[in-house]
Amino acid sequence: MPMVATVLHPAFCLGLLLLCHPAEAAQARGLASARLGSSASAIPEWRVKAALAPAQTLETLAASGADKAGFRGANVTAENVTRDVGVGTTEAQDKHQCPLVKLTRLLNLHPGYASWGGQQGGWLSVPDSLTLGSWSQNFFAQNWQGVTISDANGRVALRIEETTDEELARKYQWREGAPPMSYANLSSLQGRWETAMYRTGFATENAAEDPSHARVLQMPGPSDSWKTFALFDCAGSLLFVAYLQASVNGFPGASNVYDRNGDLVVHTLADAKIARHLFVDPLGYLLATAEAPRLNDSIPYKDMPKDPARGGMLSYQLKIEEGGYANSSRLLETEYLWVLTAVAQLRAIEDGRTVWSPVLPQILPWAYWLPAPPLGPSPPFVYFLAPPPP
């Protein structure tokens, strides 16, 4: 039965799951695959029994142990969680050298057609379809996976580049802080989410040694592969770092976002059944919901048509919650709505690249190695610009 997609008020905290004990904090993001599941393996009897019970909906996950006054986890409170210290504008933004991308709270993230030289798309307001922001990729660029974000007037405002933790540490002295599972509320929430999404799903197969016996297998879980992306202003100042999990076997990947100080600001819950992502903050409050092609359509991710002409990308509708309540995230302020939008867009781009990949970045290294025509006394073959591909 498909999950029911409802947009919850932030005060109805998704992390209010007091009946679950917090999982032990992971020591590194590399352990995320263990937290999010692994390939098929035998599962204990209690999980089989749980799978036979009615599936939990998003409402039951949110309502279990709910307290509308706000979540106070066993080890996490508003007093001992660092709140958005590293969220702010840069000097270039303050001096208006880099424009701010101003967005509404309900947007359509629409991919344009891909060409041999690049692709672009728009962030359209709902319902009037005004283009408030746009993104583009240049397939001629050496780092063609990078994304340029522009404001409503077409001015370059932000850039996103694929990178590594080592490079971030060397260039910006940036290091990842506490991972999501070190927050008691997120650990509890993630555990219940996994149970509802896939841990209680199972299949059977005949035992090779004895076909008369069948073994019960847990359904495959998410990927253990992650990519690192840095979000910069137009002048190259670091703003945020996003980790994106690969989407595999029809299973959408999750995302984690850290500020420039290395503190977690966003964790996503990826629906295993439909193309939907829930963005929550470290206290477990709902920040935004993104779903393809529209909110509440509840179409299975694996059944969504992925058009190669549009880079294999899905169109998403994004709803960002209202802020202004006690302990609300700064990412809900107008100046920072672009952060959640950019991460949702990056998620769509990365998922699309598993379906369609541009040809130009693959042939350019060979083109650089093509022989030049002989000129005068030059040798018949002159190689230039780049070494041969491996």
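The structure presented is a predicted model; accordingly, all values stated were derived computationally and were not measured. In what follows, every heavy atom counts, from backbone to side chain, and hydrogens, waters and symmetry copies are set aside.
- Using a 4.5 Å cut-off on side-chain heavy atoms (C-beta onward), L239 and T90 make contact.
- The CG atom of L106 sits 5.0 Å away from the CD atom of Q317 when rounded to the nearest 0.5 Å.
- Checked by atom type and distance alone, the side chain of N261 never pairs as donor or acceptor with a backbone atom of D263 at under 3.5 Å.
- If you run side chain to side chain contact (heavy atoms under 4.5 Å, CB included) between V280 and each of V266, L186, T268, only L186 comes through.
- Test L130, T341, N108 against W123 for side chain to side chain contact (heavy atoms under 4.5 Å, CB included) and you get one pass: T341.
- Rounded to the nearest 0.5 angstrom, E162 CD and T228 OG1 are separated by 8.0 Å.
- Distance OG/S115 to CD/Q137: 11.0 Å, rounded to 0.5 Å.
- At a threshold of 4.5 Å between non-hydrogen side-chain atoms, the residues L314 and Y301 count as touching.
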Practice prompt. Please report the C-alpha distance between Q119 and M313 in whole Å, then the side-chain angles of each, then the deciding distance to 0.1 Å, and finally whether the side-chain contact (heavy atoms from CB on, under 4.5 Å) criterion is met.
Written response: CA-CA 11 Å; Q119 187 176 7; M313 234 172 284; 3.4 Å; yes
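- Listed for the Q245 side chain is a donor-acceptor partner under 3.5 Å among the backbone atoms of A254.
- In this structure, E322 and L332 have side chains that are not in contact, with every pair of non-hydrogen atoms separated by 4.5 Å or more.
- For the atom pair CG (L238) and NZ (K171), the distance works out to 11.5 Å, reported to the nearest 0.5 Å.
- By the 4.5 Å heavy-atom criterion applied to side chains, L107 and L132 are counted as neighbours.
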Would you mind writing out the side-chain donor-acceptor pairs for residues 333-340 within the sub-3.5 Å range, not counting sequence neighbours?
residue: Y336; atom: OH; partner: R330; partner atom: NH2; Å: 3.4
residue: W338; atom: NE1; partner: E335; partner atom: O; Å: 3.3

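- Annotation: salt bridge (charged side-chain N to carboxylate O under 4.0 Å, His left out) contacts of E350 (sequence neighbours excluded): K227.
- Inter-residue side-chain proximity for E176 and Y243 is flagged as met; some heavy-atom pair is nearer than 4.5 Å.
- Here the two rings, on W116 and F140, have centers that are under 6.0 Å apart.
- Using a 4.0 Å cut-off between charged side-chain N and carboxylate O, E91 and K95 make a salt bridge.
- If you take CD1 on I299 and CD1 on I274, they are separated by 9.0 Å, rounding to the nearest 0.5 Å.
- No side-chain heavy atom of E161 sits under 4.5 Å from any side-chain heavy atom of E167.
- More than 12 heavy-atom neighbours from other residues, nucleotides or ligands sit within 6.0 angstrom of CD on Q173.
- F229 places none of its side-chain heavy atoms less than 4.5 Å from the side chain of V343.
- Taking CD of E291 as the reference point, atom CE of M304 lies at 8.5 Å (rounded to 0.5 Å).
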